[in-house]
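As structure tokens, the structure follows; a few thoughts come after it.
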Amino acid sequence: MSFTFASWNVNSIRQREKHVLDWLDRVKPDLLCLQELKCETHLFPASFAEAGYHPVVVGQKGYNGVAMLARTPVEVVHERLPGFANEAARYVEVRMASMTIGNLYLPNGNSGGTEGFATKLDFFAALAERAQTLRDEEADFLFTGDFNVCPTDEDFAPGALSPGDALLRPESRAGWHRLLWLGLTDALRALKPSGRHYTFFDYQNAAFQRNAGLRIDHALLSPKLAERLVLVTPDRDERAKDQPSDHIPLIVALA
DNA sequence: ATGCCTAGAAAGTCTAGA
């Protein structure tokens, strides 16, 4: 059974409500995973449910916040990442269409000094543990969201990041690679093994116009789901619109 | 020169994003 999902860091759901509604109407995914809601759960816009989507919202005041918008009712499994001792609203996991789907907003790691970076690595470690558990349960599962890591040097435009940035530090990349070693497939690179396929463009210095982007929004698929992979598209059209998020949707289709 | 955007919290101008 075919299944289309997307990940989109919207940088405030209230600022982007109309963008998301229009996008849902255009793409009609089975599931949209949102990050950086920047709003409390009870302030999440009602318009998505009115448009026929089942919302699962894990919000908080100010920063962070994740949500799922599903075309069918879902079972909520977790509203925090097991093993990640931090109250920030950065993970939500559901069961739908015979899959377990984790939607994550991984800490950036550039703020908060040594402790801030350690929190990022802690999230990666807990995510690997979660992957191991799901693998042991023989679940078909995927993780998608804003991983805040450029897996290789091909995943950021020259000059877009300074050398010591948390998005490309070896420890961050090791966290990413540990997930791959657990048998997960990087959906975009499975279908587009090389080339620039960015998902983020800074608001400053006309980064989008210069294609000075980063590939930091990802989808990781467990083996049987990877066999069903037919399409991965970073939706650049969204970044050209008025008042866009700095991230674009990453669309993935399974056969 | 982490700064030339953007958003949120909050009422100044920070912090965080990445």
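The sequence lines fix the lettering, A, B, ..., with proteins before strands; numbering per chain opens at 1. Remember, it's a predicted structure, so these values are computed and weren't measured experimentally.
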Taking 4.0 Å as the cut-off, does a side-chain nitrogen or oxygen of Ser111(A) come that near to OP1 or OP2 on dA18(B)? no

Length of the line joining Glu36(A):CD and dG17(B):C1', which is rounded to integer Å: 6 Å

Without decimals, in angstroms, what is the distance between Asn64(A) CG and dT15(B) P? 17 Å

May I ask you to say what Phe156(A) touches in the nucleic acid, namely base, sugar-phosphate or nothing, with a heavy-atom cut-off under 4.0 Å? nothing

Looking only at atom P, what distance separates dT15(B) and dC4(B), rounded to whole Å? 14 Å

Contact class for Asn9(A) vs. all strands (heavy atom < 4.0 Å): base, sugar-phosphate, or nothing? sugar-phosphate

Counting primed atoms, P, OP1 and OP2 as sugar-phosphate and everything else as base, the B/S/- map of nucleotides 4-13 of chain B against protein heavy atoms under 4.0 Å is BBSSSS----

Can you get from Phe3(A) to Met68(A) by hopping between Ile, Leu, Val, Met, Phe, Trp and Tyr side chains that sit under 4.5 Å apart? yes

Between side-chain atoms of residues 41-51 of chain A and protein atoms elsewhere (two or more places apart, or another chain), which donor-acceptor pairs fall under 3.5 Å?
{"from": "Thr41(A)", "atom 1": "OG1", "to": "Gly59(A)", "atom 2": "N", "distance (Å)": "2.9"}
{"from": "Ser47(A)", "atom 1": "OG", "to": "Glu17(A)", "atom 2": "OE2", "distance (Å)": "2.5"}

Using the P atoms only, state how far dA1(B) lies from dG12(B), rounded to an integer number of Å. 31 Å

In whole angstrom, give me the gap between the P atoms of dT2(B) and dT13(B). 23 Å

Report which part of the nucleic acid Leu161(A) touches: base, sugar-phosphate, or nothing (heavy-atom distance under 4.0 Å, all strands). nothing

What integer number of Å spans the C1' atoms of dA16(B) and dA10(B)? 16 Å

Could you work out, with ring-ring contact (aromatic ring centres under 6.0 Å, His included) as the rule, every residue matching Phe143(A), not counting sequence neighbours? Phe141(A)

Relative to the ring of His218(A), is the ring of Trp176(A) parallel (under 30°), tilted (30 to 60°) or perpendicular (over 60°)? tilted

